[in-house]
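Single-structure report; data block below.
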Number of protein chains: 2
Amino acid sequence: MSQTPSPSGRIDIAALETLRLVHALGSFTAAAEKLDVNQSAVSYTIAKLRSYFQDPLFVREGGQQVATERCEHILQQVTEILQKLDDVAQPEKFDPAQSRSKVTIACNYYERILMIPKIVSELRRQAPGLEVEVVNALGDGHLRLLRREADVLIGPFARSQSGFHSRRLYTEHYACFMDPGHPMAGRALDVERYLQLNHLYINYGGSWKSAYVTELEAAGHTLRPTIAVPSPAGLASLLSGSNLVATMPIRLGKTMDGLVLNPCPFQGHFDLSVVWTAHKNASAVHRWLREVIVETCRG
Amino acid sequence: MSQTPSPSGRIDIAALETLRLVHALGSFTAAAEKLDVNQSAVSYTIAKLRSYFQDPLFVREGGQQVATERCEHILQQVTEILQKLDDVAQPEKFDPAQSRSKVTIACNYYERILMIPKIVSELRRQAPGLEVEVVNALGDGHLRLLRREADVLIGPFARSQSGFHSRRLYTEHYACFMDPGHPMAGRALDVERYLQLNHLYINYGGSWKSAYVTELEAAGHTLRPTIAVPSPAGLASLLSGSNLVATMPIRLGKTMDGLVLNPCPFQGHFDLSVVWTAHKNASAVHRWLREVIVETCRG
DNA sequence: TATATCACATCAAATAATTTGATGGGATTG
DNA sequence: CAATCCCATCAAATTATTTGATGTGATATA
């Protein structure tokens, strides 16, 4: 009957809708009116489908266009296809209250102590069914994002690299923390005195240079730590009753009982941020997650 | 980012294939090569999809084009969609040996006696799993086809009307059948003698005028039946030992034991055909069914 | 830190597909 | 038989897609 106008594969969604409409109305002309196109456009579309499916699809039987068996079968599948496409074309919706998704947050000690508890509590409040995992960012949290080991990264990881987005939460500064019985406790520290202290140095596993150290080195000084530890964990008990002094982020030090804060001459500063990858940028779940983090942690 | 080039709905199968390919290869350029099109064609297609799904779909992350969450989800559905379309686009295949379909054949007494047994036996031989139903064609078998009460119609129903197809099986003629003890048994019948016989007339429910009657009336004669019956069923016992004579299709009369055949001066003729509707024309099952019928019954 | 390279976006021109409006033929209705 | 209805088909007009050239941003190389 009909010659092949196109080889195949150029069937579009609209064509399938037309097929459905023609079937429903039993008429090309009626379908054309409903679609607000010319009758011959419908004729053309059906001709295309006929060639694609290698079947007449509709045949005239006593005034009505009746679907062939094959057409009925095709329509059954096409209906499912259109349904699937409809579903998937809907902009993604996310209802925290109903969600059973899982989110993974990468961060390090500082954030785990100071931010995670508040964040997790808020996440659980809004989304009781949500599964939350917190992983160690360790060396390079960015890699974990790229490897999809985490959805977001919280930390001082401002990297404006292609493929990453970030949002600043707040700025943090350093201060010295020591036992209340320390000779210098509560006394102002000038550069000389600061450098002569018995420093407990936190090297954070070596992958992070604290801002105060940068500042100190920029001023031409070198810090000679008495003890170096990899993380602030258990720091309070190391400092208690000792003559050691640790320079660390103010908010972190303040969580440790039994220590006093001394402003220090090199206090540096760094920004805490949420970082995520471009591929999560548009996702409704992750947009919500980031919003919760920002709301919970800023200021 | 991208402005809406098309409102929506103009997504074709090729575009979805492109989406899949880009995802698989992680590169527009590579996909373009594989599809044997220009890179900017892929770019254009993805832009169209981006606008349709309202999502970037692919974002650059460290040199690689990475799929967004949404894209992964879409792809999952799209894969199923393409699979479905692939299946449905395959020209329908039909293996009688495996088939569990059902076919319905409409016909009347003549065909049920002479043809159905052979047809059914052949159908069962080729397709043991096939369900076969035989229904009475009665008045107008064509209506049963249109109402989808039967898949094919076998009988003398040659109607070359729109929406119907048919294939001739063979031509049938009439003869007289009577008891072997009948005075005229075995003797030639001229018009006068034929008309004076005690006719047992089969009226087939009134919806069918036998060809010999047409011939007879065309010659200006009128048949005055002694008895009229609606169907040839049980005819043999009605004729046996009586002086009745029935004019009926030769092949049908020959199936009846204890009757002798006399050629009659009005023998008319009619064609036995398979008839079906246009909407079944392309179906593999029905093509096969019709083929079996034709092979079994012709000659 | 500059420079080459790679990959995608974008633009205008060329090409291909679709839609339109007109017309014709087959089938149904009165 | 005439009037209609409905789909197929054709050429022209309109749109969409593809191409080839070029731009831009990011990565890799020197």
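Proteins get letters first, then strands, A, B, ... in listed order; numbering begins at 1 in each.
Between A:Arg50 and D:dA8, a side-chain N or O to OP1/OP2 separation shorter than 4.0 Å is present. A sub-4.0 Å separation between OP1 or OP2 of D:dC5 and a side-chain N or O of A:Thr29 is absent. Regarding contacts with the backbone of C:dT18, a side-chain N or O of A:Tyr44 is found under 4.0 angstrom from either OP1 or OP2.
Residue whose closest nucleotide on DNA chain C sits further toward the 5' end, between A:Glu61 and A:Thr45: A:Thr45. Between B:Gln65 and A:Ala41, the residue whose closest nucleotide on DNA chain C is further toward the 5' end is B:Gln65.
For A:Glu72, the salt bridge (Lys or Arg N to Asp or Glu O under 4.0 Å) criterion is met by no residue, not counting sequence neighbours.
Between the side chains of B:His279 and A:Glu61, at least one donor N or O sits under 3.5 Å from an acceptor N or O.
Across the protein-nucleic acid pair, B:Asp12 atom CG and C:dT18 atom C1' stand 13 Å apart, rounded to whole Å. Nucleotide D:dA26 holds its C1' atom 13 Å from the CZ atom of A:Phe164, rounded to whole Å. Straight-line distance from the CZ atom of B:Arg60 to the P atom of D:dT24: 15 Å, rounded to whole Å. Per the geometry, OH belonging to B:Tyr52 stands 16 Å off P belonging to D:dA16, to the nearest Å. Regarding A:Lys48, its NZ atom lies at a distance of 17 Å from the P atom of C:dA16, rounded to whole Å. Atoms CZ (A:Arg10) and C1' (D:dT17) sit 8 Å apart, rounded to a whole Å. Atoms CD1 (A:Ile46) and P (D:dC6) sit 16 Å apart, rounded to a whole Å. The interatomic distance linking B:Leu146 (CG) with C:dA27 (P) rounds to 15 Å, in whole Å.
With C:dA9, C:dT19, D:dA16 as the candidates, the nucleotide lying closest to the side chain of B:Phe28 is C:dA9.
Counting non-hydrogen atoms of other residues, nucleotides and ligands closer than 6.0 Å to NZ of A:Lys84 gives a total above 12. At most 12 non-hydrogen atoms from other residues, nucleotides or ligands lie less than 6.0 angstrom from CG of B:Asp36.
A tilted orientation is assigned to the rings of B:Phe58 and B:His23, their planes being inclined by 30° to 60°.
Annotation: the terminal axes of the helix from C:dT1-D:dA30 to C:dG30-D:dC1 meet at 30°, where each axis is the rotation carrying the C1' atoms of four end pairs onto the next four (5 pairs per end, rounded to 10°).
Heavy-atom distances under 4.0 Å link DNA chain C to A:Val37, A:Asn38, A:Ser40 of residues 30-40 of chain A, given in residue order.
Ring centroid separation for the pair A:Phe270 and A:His173 does not come in under the 6.0 Å cut-off.
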Could you go step by step and tell me if B:Glu217 and B:Lys209 meet the side chain to side chain contact (heavy atoms under 4.5 Å, CB included) rule? CA-CA 11 Å; B:Glu217 288 176 347; B:Lys209 182 180 275 189; 3.0 Å; yes
Task: Steps toward ring pair (Phe, Tyr, Trp, His ring centres under 6.0 Å) verdict (A:Tyr174, A:Tyr212) - done: CA-CA 7 Å; A:Tyr174 291 87; A:Tyr212 75 93; 4.8 Å; yes
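Checked for salt-bridge contact, A:Arg50 and A:Asp55 miss the test: no charged N lies under 4.0 Å from a carboxylate O. A salt bridge links A:Glu291 with A:Arg167: at least one charged nitrogen is closer than 4.0 Å to a carboxylate oxygen.
Base engagement by A:Ser43 is indicated by at least one non-hydrogen atom pair under 4.0 Å involving a base atom.
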